[in-house]
Amino acid sequence: MSYLILFAAVFFLSTSVLFVKWTSAPAETAAFYRMLFSSLMLLPFLDYRSLFSLRSNTRYAILFSGTLLAFHFWLWFLSLDYTTVASSTLFVTSSPIFVLIGNALFFKKHPTRKGLAFALVAVLGGMLVAAGDIQIGRDALYGDVLALLAALLIAGYWLVGQHIRTEMKTNDYSFSVYFVATFVLGFMLLVRDTTFVGFEGVNWWYFIALAFFPTLLGHNLFNYALARVSATVVSITILGEALWGMLFGFVFFEERLGVMQWIGAAVLLGGIYLFLKEDARSTRTDVVS
């Protein structure tokens with residue numbers, strides 16, 4: 001049953017690309033309403049007493065984490081205007097590699113030689129995907145860069161979050177960072193003079209769907225599964241988001257990948273899979289020793 005829930009979580013997370021591609025609103029507007037509606041949906045489930053009693057350091061960390069999340073969604077949504085769904089989700093899925101770098105630089109958690117080798121394999125796969133996208137045009141390569149930056153930002157969000165999640169309930173933490181991200185994106189809309197409401201009415205349904213399916217349902221199912229399935233299994237199954245992205249791109253948007261992109265996708269996902277397995281093995285070894 002837990003594995004079925006995990007499968008459902010990956011699927012719902014992956015639907016994000018569909019609603020983003022279908023909306024005609026600007027990327028930052030879609031990101032703003034995703035965070036706003038997600039925050040509103042969480043209001044009935046908050047522990048308000050705990051929220052108002054947070055330490056100052058925790059509040060600063062939430063501000064930083066929410067800001068990273070805001071820019072992650074903006075850049076990722078924007079990348080889908082330039083590159084394929086498959087390439088965008090592949091590059092965003094590479095975020096564990098940036099988590100590795102962040103842990104090594106800031107928390108002195110150095111990877112094993114095998115882990116580093118597998119990370120380099122994943123980087124090679126990403127380069128092959130990018131090389132295939134160059135054949136499509138410069139816009140596709142620009143979209144790849146945006147997706148890669150989005151992966152870097154979400155890795156930073158995870159690195160900050162892993163040190164404050166232990167003192168906050170899941171819904172309280174999610175609401176806090178979504179609330180901050182909403183304000184950051186709202187400020188961005190004002191500065192860039194981007195519309196808050198100047199789009200077709202159907203977009204409101206896409207925004208609500210973005211908040212409910214991939215954000216609340218997808219992430220909450222992941223949190224539920226994490227308590228019942230090993231973290232290793234959960235982290236590896238996140239790779240399924242890239243596979244769903246490739247399928248959605250093919251079925252709904254008639255995207256076709258070239259030979260170079262298929263090879264790159266296989267190398268990238270294979271490298272991340274082996275890296276996550278090695279990281280889990282080394283973590284268990286550290287705990288035992």
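Side-chain atoms are counted along with the backbone in the values below, which use heavy atoms only and exclude waters and symmetry mates.
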Does [X] reach the side chain of [Y], with side-chain heavy atoms less than 4.5 Å apart?
| X | Y | answer |
| --- | --- | --- |
| L68 | I154 | no |
| W76 | V17 | yes |
| L243 | T89 | no |
| L42 | S174 | yes |
| T83 | Y142 | no |
| M246 | V85 | no |
| M188 | F183 | no |

Donor-acceptor under 3.5 Å ([X] side chain, [Y] main chain):
| X | Y | answer |
| --- | --- | --- |
| D144 | S88 | no |
| T23 | F19 | no |
| H72 | A150 | yes |

Run through the side-chain heavy atoms of Ile, Leu, Val, Met, Phe, Trp and Tyr, join any pair under 4.5 Å, and report what else lands in V191's cluster. F187
Partner of S65 under side-chain hydrogen bond (donor to acceptor under 3.5 Å, both in side chains), chosen from Y173, W158, Y60, Y157: Y173
If you measure only the distance, is there a donor-acceptor pair under 3.5 Å linking the side chains of S87 and T84? yes
Exercise: do S16 and R34 side chains pair donor with acceptor under 3.5 Å: yes
How many angstroms lie between [atom1] in [X] and [atom2] in [Y], if you round to the nearest 0.5 Å?
| X | Y | atom1 | atom2 | result |
| --- | --- | --- | --- | --- |
| M168 | T58 | CE | OG1 | 7.5 Å |
| F175 | K169 | CZ | NZ | 15.0 Å |
| L210 | L216 | CG | CG | 11.0 Å |
| N171 | L43 | CG | CG | 11.0 Å |
| L90 | L148 | CG | CG | 11.5 Å |
| F71 | L152 | CZ | CG | 13.0 Å |

Would the [X] and [Y] ring centres measure less than 6.0 Å apart?
| X | Y | answer |
| --- | --- | --- |
| F207 | F212 | no |
| W74 | F32 | no |
| W204 | Y33 | yes |

Is atom CZ of F179 surrounded by more than 12 heavy atoms (other residues, nucleotides or ligands) closer than 6.0 Å? no
Smallest separation among heavy atoms of [X] and [Y], with atom names:
| X | Y | result |
| --- | --- | --- |
| S176 | L51 | OG-CD2, 3.4 Å |
| P214 | A209 | CD-O, 3.2 Å |
| A9 | G218 | CB-O, 3.7 Å |

Determine, step by step, whether T29 and T194 satisfy the side chain to side chain donor-acceptor pair (under 3.5 Å) criterion, reporting the C-alpha distance in whole Å, the side-chain angles of both residues, the deciding distance to 0.1 Å, and the verdict. CA-CA 7 Å; T29 303; T194 307; 5.6 Å; no
Is [Y] reachable from [X] through a run of hydrophobic residues whose side-chain heavy atoms are each under 4.5 Å from the next?
| X | Y | result |
| --- | --- | --- |
| F52 | F45 | no |
| F7 | L18 | yes |
| V10 | L247 | yes |
| L13 | F252 | yes |
| F196 | I208 | yes |

R192: which residues meet the salt bridge (charged side-chain N to carboxylate O under 4.0 Å, His left out) condition with it, sequence neighbours left out? E28
May I ask you to decide if the ring planes of F73 and F77 are parallel, tilted or perpendicular, using 30° and 60° as cut-offs? tilted
Pi-cation contact, F253 with K21 (under 6.0 Å, within 45°): yes
After noting the C-alpha distance and the side-chain angles of D172 and S50, does the key distance pass the side chain to side chain donor-acceptor pair (under 3.5 Å) rule? CA-CA 8 Å; D172 292 348; S50 296; 4.7 Å; no
